[in-house]
Amino acid sequence: MARANDEAAALIQELADLLSITGGDAFKIRAYEKAARAVAGHPDDIAGMDLAGLRTIPTVGEAIAKKLLDYNTTGTIRQVEELRAQIPAGVRALTAIPTLGPKKALAVYEELGISSVPELAEAIQAGRLRGLKGFGAKTEQNILHGIELMQQSGERVLIDVATDLAEEIVAALAALPGCLRCTYAGSLRRMRETIGDIDVLAASAEPGPIMAAFTALPFTAEVIASGEKKTSIRTTKGLQVDLRVVPPESWGAALQYFTGSQAHNIRTREIAVRAGLKLSEYGLFDAESGELIVSETEEEVYERLGLPWIPPVLREDRGEIEAALKGALPRLVTVDDLRGDLHSHTDLTDGIATLEEMVEAAAARGLEYYAITDHAPNLFMQRMTDEKMLAQREQVRALQKRYPDLTLLHGTELNIDPEGGVDWDADFLSGFDVCVASIHSHFTQDPAEMTRRLIRACENPYVHVIGHPTARSIGKRRPVDADWDEVFKAAARTGTAMEIDSFPDRLDLPADLIRRALHHGVKFSVDTDAHSLGHHRNIRYGIGTAQRGWLTPDDVINTWPLERLRTFLKKTT
DNA sequence: GCCGTTTTCGGCCCGACTGTTTTCAGTCG
């Protein structure tokens, strides 16, 4: 269920948006935006907090604490309600059109009474914007084009789609003679779960030919902007790609800047300012003399700011600066730390590779243990039976002899029914080495029922891992609604791991819930849920998500040596 | 609106590109 923090943060953000339309003080607006992020990322639930408690949240002062208190008691914020009465929701929606910001939105509303996207499109067609100050022919065209883009998708793409495209672009540009370095940065380097646009960075003393090669790429559908230092295109599939070309000596500063996030950059630049320095994509400079101090590597830039190098996956201004200053950054889990995979399928159910092929792929990954976890009978379409499952177990045991360095675990992926029960009784379940249990149906139970359902699954002594816990499908199915703090408490109490499923359209648990679960002392299993040989490669996305959740190897049970894992699977705690 | 080993007042990240402009505002990241 939506946490109080998320709802309150959305209201504070709305306050910032509405103030930017009415022309409020820009610094006040930024203060609200910062506070909205801080509230959303705060580990403790703000529901029930008093004024003093709220003020302990960084960037929340007296005034914003009072607004949060207002939310805690009334469920809304008075100032937001007042501004909503003044600015229709449709006007705020106008700012979602690319190239149309708060100033232009207010202009068309005040001058022409336009308060929705369709109205605006109609007004432009009818020539009603002619003569409006700041709106020329080109602006009209850009707005219409922006509306079109917004309507025909303009959506974020999954991380695997973006990664494949980015790697293709980087390979093409890196091959050019004048290109000294090239990589992708932005949200893709931070491994966000969906990507709005791809940021590519190149180092060259001569940008011209690189820009030309970039706009000439076969999938370039449109050049959005093109300058000496920066070029933006849109691909045939509608994804925007920005290319920045910087002098080679600026590489480190540019990579730091271009990786973001914007909120993280603001923090690092503030630290620079306080130290009498100036940080830009060209380097770290002395503010007074303008003399360049460092710029060649990211490590140098951070070091000169008094910080250790911060992994890109943490650069969201969600506490990483504070942790870095205290020397308390986590040693993040990596793909190389993994010793096993606890969730995979074969063609016995809905996988498309044989048991032998899947095991061979696991061995090629260098794993020390690998679990086969085909679907259980209650997912009726997979037609699993007790006999088939037991026959597979024999096959697994026989196959084991061929893999002296890879321990095969025979498991299953159970279905958590609406009451929290699973497919088999204790007797049958006790025969498995490991059981993942997942929600595959009845996604829309009310939060109280869903919470009980998940807690009961955790309390089952034979359930070791809750598979893709929110059951979301990014862009298709919403996460199930539960009181996650209660679920995580139960998981920690019973010694049940939460899975991080590596499928690009799942990435489940999501990073924000991982951090909340970590806060409760939960352990995790980062799995592929592979249904084919190619799916083994998805592990990097699961690990990226785990890293965004601040996980260390110790938090992830499938980095543990087999003996330690086996102890955990006994659930004796 | 927030915040302070320069500060309880006066700052607040920085730059690129576009379009409508004659020197800059708006938008974006």
Option passing salt bridge (Lys or Arg N to Asp or Glu O under 4.0 Å) with A:Asp317 (candidates A:Arg269, A:Arg267, A:Arg190): A:Arg267
Sugar-phosphate, base or nothing in reach of A:Ile12, heavy atoms under 4.0 Å: nothing
Sugar-phosphate only, base, or nothing, as touched by A:Ile64 at under 4.0 Å among non-hydrogen atoms: sugar-phosphate
Near-strand residues of residues 29-49 of chain A, defined as heavy-atom separation under 4.0 angstrom from DNA chain B: A:Arg30, A:Ala31, A:Tyr32
For [X] and [Y], does a side-chain donor sit closer than 3.5 Å to a side-chain acceptor?
| X | Y | value |
| --- | --- | --- |
| A:Thr99 | A:Asn142 | no |
| A:Glu320 | A:His264 | yes |
| A:Tyr32 | A:Gln13 | no |

Measure the distance from [atom1] on [X] to [atom2] on [N] and round it to the nearest whole Å.
| X | N | atom1 | atom2 | result |
| --- | --- | --- | --- | --- |
| A:Glu62 | B:dC2 | CD | P | 8 Å |
| A:Ile21 | B:dG26 | CD1 | P | 14 Å |
| A:Ile271 | B:dT5 | CD1 | P | 12 Å |
| A:Ile266 | B:dC13 | CD1 | C1' | 6 Å |
| A:Gln240 | B:dC28 | CD | C1' | 9 Å |
| A:Gln256 | B:dC13 | CD | P | 15 Å |
| A:Arg234 | B:dC28 | CZ | P | 12 Å |
| A:Arg55 | B:dC3 | CZ | C1' | 10 Å |

Contact letters for nucleotides 14-24 of chain B, in which S counts primed atoms plus P, OP1 and OP2 and B counts the base, heavy atoms under 4.0 Å: BSSSSSS----
Within-4.5 Å side-chain heavy-atom neighbours: A:Arg506 and A:Ile474: no
Within-4.5 Å side-chain heavy-atom neighbours: A:Glu193 and A:Thr545: no
With rounding to whole Å, what would you report as the distance between [N] and [M] at their [atom1] atoms?
| N | M | atom1 | answer |
| --- | --- | --- | --- |
| B:dT18 | B:dT23 | C1' | 15 Å |
| B:dG26 | B:dT22 | P | 13 Å |
| B:dT27 | B:dT20 | P | 13 Å |
| B:dT6 | B:dC12 | C1' | 16 Å |
| B:dT21 | B:dA25 | P | 13 Å |
| B:dC3 | B:dT7 | C1' | 9 Å |
| B:dC13 | B:dG29 | C1' | 12 Å |

side-chain contact (heavy atoms from CB on, under 4.5 Å) with [X]: which residues, sequence neighbours excluded?
| X | result |
| --- | --- |
| A:Leu132 | A:Val108, A:Glu111, A:Leu112, A:Leu129, A:Phe135 |
| A:Pro43 | A:His519 |
| A:Lys34 | A:Arg30, A:Arg37, A:Thr59, A:Glu270 |

Consecutive Watson-Crick or G-U pairs in runs of at least 3, all under 3.5 Å, in which DNA chain B is involved: B:1-4 with B:9-12, B:14-19 with B:24-29
Distance test, side-chain N/O of A:Lys67 to OP1/OP2 of B:dG1, below 4.0 Å: yes
Mutual orientation of the aromatic rings belonging to A:Phe488 and A:His520 [parallel < 30°, tilted 30-60°, perpendicular > 60°]: tilted
Minimum heavy-atom distance A:Thr552-A:Pro330, with the two atoms named: CG2-CB, 4.0 Å
Whether A:Ser204 side chain and A:Gly178 backbone form a donor-acceptor pair below 3.5 Å: yes
Main-chain N/O of A:Thr297 paired to A:Glu300 side chain as donor or acceptor, under 3.5 Å: yes
A:Glu270 side-chain proximity, nearest of B:dC12, B:dG26, B:dC2: B:dC12
